[in-house]
Amino acid sequence: MTARFSDEEFARLKELLLAYEWAHRTMLTKLDIIHEAHKYYQDNNPIGHIAGRIKSPESIAGKLHKQGVELTAENARLHLRDIAGIRIICPYAKDIYFLADLIREMPGINVVSEKDYVTKPKPSGYRSYHIIIEIAIYHSGKTETLPIEIQIRTEAMNFWSTLEHQAKYKYKEQIPKHLSDELIICADKIAELDNRMFLIYEIISLINDGA
C-alpha cells in the first residue's frame with residue numbers, strides 16, 4: 001500500500017512546501033548571482049549549471065514511511081533535510097571546494113552539515129559534496145528558517161550518479177554484484193579523468209599566460 005498523507009495533513013504540507021519554494025528560490029538567486037558575476041568579471045566560471053527541485057508530497061510520504069514516523073507536515077519539517085534540493089555542476093573537481101567556501105561565506109546562510117564524498121567516496125563509488133544549509137525567509141509577518149540540501153559535483157560525477165540511480169531503480173535497490181563492481185571501476189576512472197582534464201586545463205592556462 002502506498003503511503004499517503006491524510007487530507008488535513010496534505011493541506012498543511014502544501015502550505016509548508018510553499019515556504020520551502022520561497023527559501024529554495026532565494027538560495028537559487030544567490031547562486032545565480034555568483035554564476036553571473038564570474039561569467040562577466042572573472043576568467044573562469046566554477047559553475048557549469050544549476051538545477052533545483054522540491055520533493056513531491058508522494059516522495060515525502062514515502063521517505064517518512066520508510067523512517068517509521070507518522071505522516072504529518074510537522075514530521076516532514078522535523079525529520080527531512082532534503083525537501084528542497086539544489087545541484088551545482090562544476091567544470092572541474094577543484095571548483096567543488098571553491099564553491100563550498102563561497103557558500104560558507106554567504107551572508108544569511110547557516111551551514112548545518114557537510115559531507116565530502118569526493119575525497120572519501122561512498123563504498124558504491126558515489127562522489128559528490130553535500131552541504132545542508134539553513135536560510136531564513138520572511139513571509140506573513142514572520143521569519144521562518146528552512147533547510148536546503150546542496151550537492152556539488154562535476155559533470156562526470158553527475159553522469160555516474162544518474163547511471164547508478166537507473167540501476168537501483170531497475171533492480172529495486174539490489175544491484176547485482178558484477179554490476180556494482182563495474183560501477184565502482186567506472187567511478188574510479190571518472191575521478192582519474194576529472195584530474196587529468198584539470199591538468200590539461202592548467203597546462204593550457206600556463207601557455208596562454210606566457211603568450
Any non-hydrogen side-chain atom of Ile89 less than 4.5 Å from a side-chain atom of Thr154? no

Closest contact, heavy atoms only, Ile137 versus Ala19: CD1-O, 3.3 Å

In the structure I gave you, are the side-chain heavy atoms of Met197 and Glu202 within less than 4.5 Å of one another anywhere? no

Looking only at atom types and distance, does a side-chain atom of Glu9 sit under 3.5 Å from a main-chain N or O of Ala73, one as donor and one as acceptor? yes

Carefully, step by step, assess Asp95 and Arg153 under the rule salt bridge (Lys or Arg N to Asp or Glu O under 4.0 Å). CA-CA 9 Å; Asp95 295 321; Arg153 59 180 68 153; over 6 Å; no

Tightest non-hydrogen contact, residues Ile152 and Ser128, listed as O-OG, 3.4 Å

Salt bridge or not between Glu21 and Lys14? Use side-chain N to carboxylate O under 4.0 Å. no

Taking atom CD1 of Ile86 and atom CG of Leu31, what is their separation to the nearest 0.5 Å? 5.5 Å

Quick one: does any side-chain atom of Asp101 pair with a main-chain N or O of Phe98 as donor and acceptor, under 3.5 Å? no

Donor-acceptor check, side chain of His79 to backbone of Leu64, threshold 3.5 angstrom: yes or no? no

What distance separates Ile185 CD1 from Lys189 NZ, expressed to the nearest 0.5 Å? 7.5 Å

Rounded to the nearest 0.5 Å, what separates atom CG in Leu13 from atom OG in Ser56? 9.5 Å

When you compare the side chains of Tyr92 and Asn195, does any donor N or O come within less than 3.5 Å of an acceptor on the partner? no

Note, Asn158 side chain near Arg87 side chain (heavy atom, < 4.5 Å): yes

Please report the C-alpha distance between Lys115 and Tyr129 in whole Å, then the side-chain angles of each, then the deciding distance to 0.1 Å, and finally whether the side-chain contact (heavy atoms from CB on, under 4.5 Å) criterion is met. CA-CA 6 Å; Lys115 291 183 179 178; Tyr129 199 97; over 6 Å; no

Answer whether the closest heavy-atom distance between the side chains of Lys55 and Asp82 falls below 4.5 Å. yes

Could you please spell out the steps behind the side-chain contact (heavy atoms from CB on, under 4.5 Å) verdict for His130 and Glu149? CA-CA 7 Å; His130 292 198; Glu149 181 188 57; 3.7 Å; yes

Charged N to carboxylate O under 4.0 angstrom, Asp194 versus Lys94? no

Might you work through the side-chain contact (heavy atoms from CB on, under 4.5 Å) test for Ile109 and Lys30, ending with a clear yes or no? CA-CA 10 Å; Ile109 299 298; Lys30 289 178 179 289; 4.2 Å; yes

Heavy-atom closest pair (Pro91 atom, Gly48 atom, distance to 0.1 Å) is CD-N, 4.0 Å

Please say yes or no: joined through hydrophobic side-chain contacts below 4.5 Å, possibly via intermediate residues, are Leu28 and Leu146 part of one cluster? no

CD1-OH distance between Ile175 and Tyr169, expressed to the nearest 0.5 angstrom: 14.5 Å

Shortest non-hydrogen contact from Ile150 toward Met27: CD1-CE, 3.8 Å

Does Arg12 reach the main-chain N or O of Asp7 with its side chain, forming a donor-acceptor pair under 3.5 Å? no

Restricting to non-hydrogen atoms, name the atom on Ala187 and the atom on Gly125 that form the minimum distance, rounded to 0.1 Å. CB-O, 3.3 Å

Mark yes when over 12 heavy atoms from residues, nucleotides or ligands other than Lys120 sit less than 6.0 Å from its NZ; otherwise mark no. no

Decide, yes or no, whether a salt bridge links Arg104 with Glu114 under the criterion of side-chain N to carboxylate O below 4.0 Å. yes

For residues Arg77 and Glu144, determine if any side-chain heavy atom of one lies less than 4.5 Å from a side-chain heavy atom of the other. yes

Testing the basics here: between Phe10 and Phe5, what is the closest heavy-atom pair and its distance to 0.1 Å? N-CB, 3.9 Å

Please step through side-chain contact (heavy atoms from CB on, under 4.5 Å) for the pair Ile96 and Met157, ending with a clear verdict. CA-CA 11 Å; Ile96 293 173; Met157 293 174 191; 4.0 Å; yes

Shared hydrophobic cluster, Ile190 / Leu179 (ILVMFWY, side-chain heavy atoms < 4.5 Å): yes

Is it true that atom CZ of Arg4 has more than 12 heavy atoms of other residues, nucleotides or ligands lying nearer than 6.0 Å? no

Under 3.5 Å, is there a donor-acceptor pair linking the side chains of Tyr97 and Asp116? yes

Between Ile131 and Ile50, is there a shared hydrophobic cluster once you connect ILVMFWY residues whose side-chain heavy atoms come closer than 4.5 Å? yes

Neighbour count above 12 (heavy atom, 6.0 Å) for His139 NE2: yes

Any side-chain heavy atom of Gln166 sitting closer than 4.5 Å to one from Lys170? no

Side chains of Pro121 and Tyr126: closer than 4.5 Å at any heavy-atom pair? no

Side-chain contact test, heavy atoms from C-beta onward, threshold under 4.5 Å: evaluate it for Met106 versus Ile34 and give yes or no. yes

Here the gap from Leu17 atom CG to Trp22 atom CH2, rounded to the nearest 0.5 Å, amounts to 11.5 Å

Does Leu99 belong to the same Ile/Leu/Val/Met/Phe/Trp/Tyr cluster as Ile133, with side-chain heavy atoms less than 4.5 Å apart forming each link? yes

dist Arg25:CZ -> Tyr20:OH (nearest 0.5 Å) comes out at 16.0 Å

Is Ile60 reachable from Ile54 through a run of hydrophobic residues whose side-chain heavy atoms are each under 4.5 Å from the next? yes

